[in-house]
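For reference, the structure is listed below as structure tokens.
Order of appearance sets the numbers: ligands from 1, and atoms from 1 within every ligand. What you see below is based on every heavy atom in this structure, not just the backbone, and it leaves out hydrogens, waters and symmetry mates.
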Amino acid sequence: MARIDLRSDTVTQPTPEMRRAMAEAEVGDDVYGEDPTVHRLEEEAADRLGKEAALFVPSGTMGNQIAVLSHTERGDEVIVEAESHIYWYEVGAIAALSSAQPRTVVGRRGVFGPEELRAALRPANIHYPPTRLVCIENTHNRAGGTVWTEDETERLARAAHEEGLRVHLDGARIFNAAVALGTTAARLAAPADSVMFCLSKGLAAPVGSLVCGTREFIARARRYRKMLGGGMRQAGVLAAAGLVALRTMVDRLAEDHENARRLAEGLAAIPGFSVDLETVVTNMVAVDVAGTGVPAEELVRRMAEEGVLANATGPYRIRFVTHKDVARSDIPKALRAIERSLGRVALGR
Ligand code: TLP
């Protein structure tokens, strides 16, 4: 039985062009600053994101945490959205690595404004931690791949800067946001002081993310990357695939978005499943399965038996992610398999 893997866009396989580029990459020791392919990737990434400089890191998690380390000091406070990746899925690293205190703000579909930000700030007082940084996420993973528009980002960042805070953008899927909004990643990142984006998700590179910001910020970030053990040697082998990802894999993300839309509409029609279709703007579908009475973990197990893989993201919540290794023709197949897994006869598809 062919598997349709909708757990994440991280499961994407490198393209033949990436594998060729990796085999042929010109490399050197990047800790000595001697890998020409890494240099090229960092330059192109900085350019694409409209920032002065960039740093190649092994993962999005390391990239986000290097950014937090570079922006903060021990005892600072960092404002994060309550459902953000940086808060939920990075193993408590803000506390463990930066010795900073995260403070959550509840967004609407992952987005919050100057009002919510200001409500979380406290005046200077010896009892309070200094608030230094605010982190936002575009696209927002747990909200279902929702986007921050240029305007929303600009408004939030302006307020943050007025309050003396810096802004870090977790742009793991910033190119999905740019494609969905018909804009560029540089425009979406312009108001932020730093941005992290991933090559290893919808762009299908095997490994790697970039942190982008000012030259001075990236020099600090480079020291923290070394401290965390992320100084890589002949990393050009990986950067070569990253360059192919950046140059050739962005525009096709629109196909993933169309497939997610089709999938969402099909899932919304399944009795017991509930999908907020307004959140489906990129490559994710978050489904509330409470109406089936079956816990998400159990449903995910049953779907796997029918060849469809997805992730439980809450007691009654399942996330589906489309990507380049899921074809348009896989969507009706996946829907039929999901219906079978619910013990229902698929009709009309
Ligand atoms: N997200 C992964 C899991 O960790 C949940 C996924 O499958 O979606 N920021 C955002 C918004 C992310 O979604 C992710 C990965 C990261 C950062 C971390 O990237 P990696 O996995 O490279 O450390």
List the closest protein heavy-atom neighbour of [atom]: residue, atom name, distance to the nearest 0.1 Å.
atom: atom 14 (C) of ligand 1; value: H85 NE2, 3.1 Å
atom: atom 20 (P) of ligand 1; value: G60 N, 3.4 Å
atom: atom 23 (O) of ligand 1; value: T61 OG1, 2.6 Å
atom: atom 9 (N) of ligand 1; value: D170 OD2, 2.7 Å

Worksheet item: Of all the atoms in ligand 1, which lie at a distance below 4.0 Å from a heavy atom belonging to S59?
Response: 22 (O), 23 (O)

Worksheet item: What are the atoms of ligand 1, with element, lying closer than 4.0 Å to any heavy atom of E137?
Response: 11 (C)

Item to complete: Return a yes/no value for S8: is any of its N or O atoms, backbone included, closer than 3.5 angstrom to an N or O of ligand 1?
Response: yes

Discussion item. Any nitrogen or oxygen of R319, side chain or backbone, less than 3.5 Å from one on ligand 1?
Written reply: yes

May I ask whether [X] and [Y] are part of the same hydrophobic cluster, defined by side-chain heavy atoms of I, L, V, M, F, W, Y residues being less than 4.5 angstrom apart, directly or through others?
X: V321; Y: L277; result: no
X: L210; Y: L238; result: yes
X: F56; Y: I174; result: yes
X: V11; Y: L203; result: no
X: I136; Y: Y87; result: no

Item to complete: Please determine if K51 and D47 form a salt bridge, counting it only when a charged side-chain N lies under 4.0 Å from a carboxylate O.
Response: no

Practice prompt. Report yes if some heavy atom in the side chain of F197 is under 4.5 Å from a heavy atom in the side chain of R48; otherwise report no.
Written response: no

Worksheet item: Does any non-hydrogen side-chain atom of T146 lie less than 4.5 Å from one of T139?
Response: no

Worksheet item: Which option, M62, M196, H140, K201, owns the non-hydrogen atom nearest atom 15 (C) of ligand 1?
Response: K201

Response to the item:
Nearest non-hydrogen contact to atom 8 (O) of ligand 1 from the set R173, R7, Q65, E90 belongs to R173

Item to complete: May I ask you to identify, for D9, whether its side chain, its backbone, both or neither come under 4.0 Å of ligand 1 on a heavy-atom basis?
Response: neither

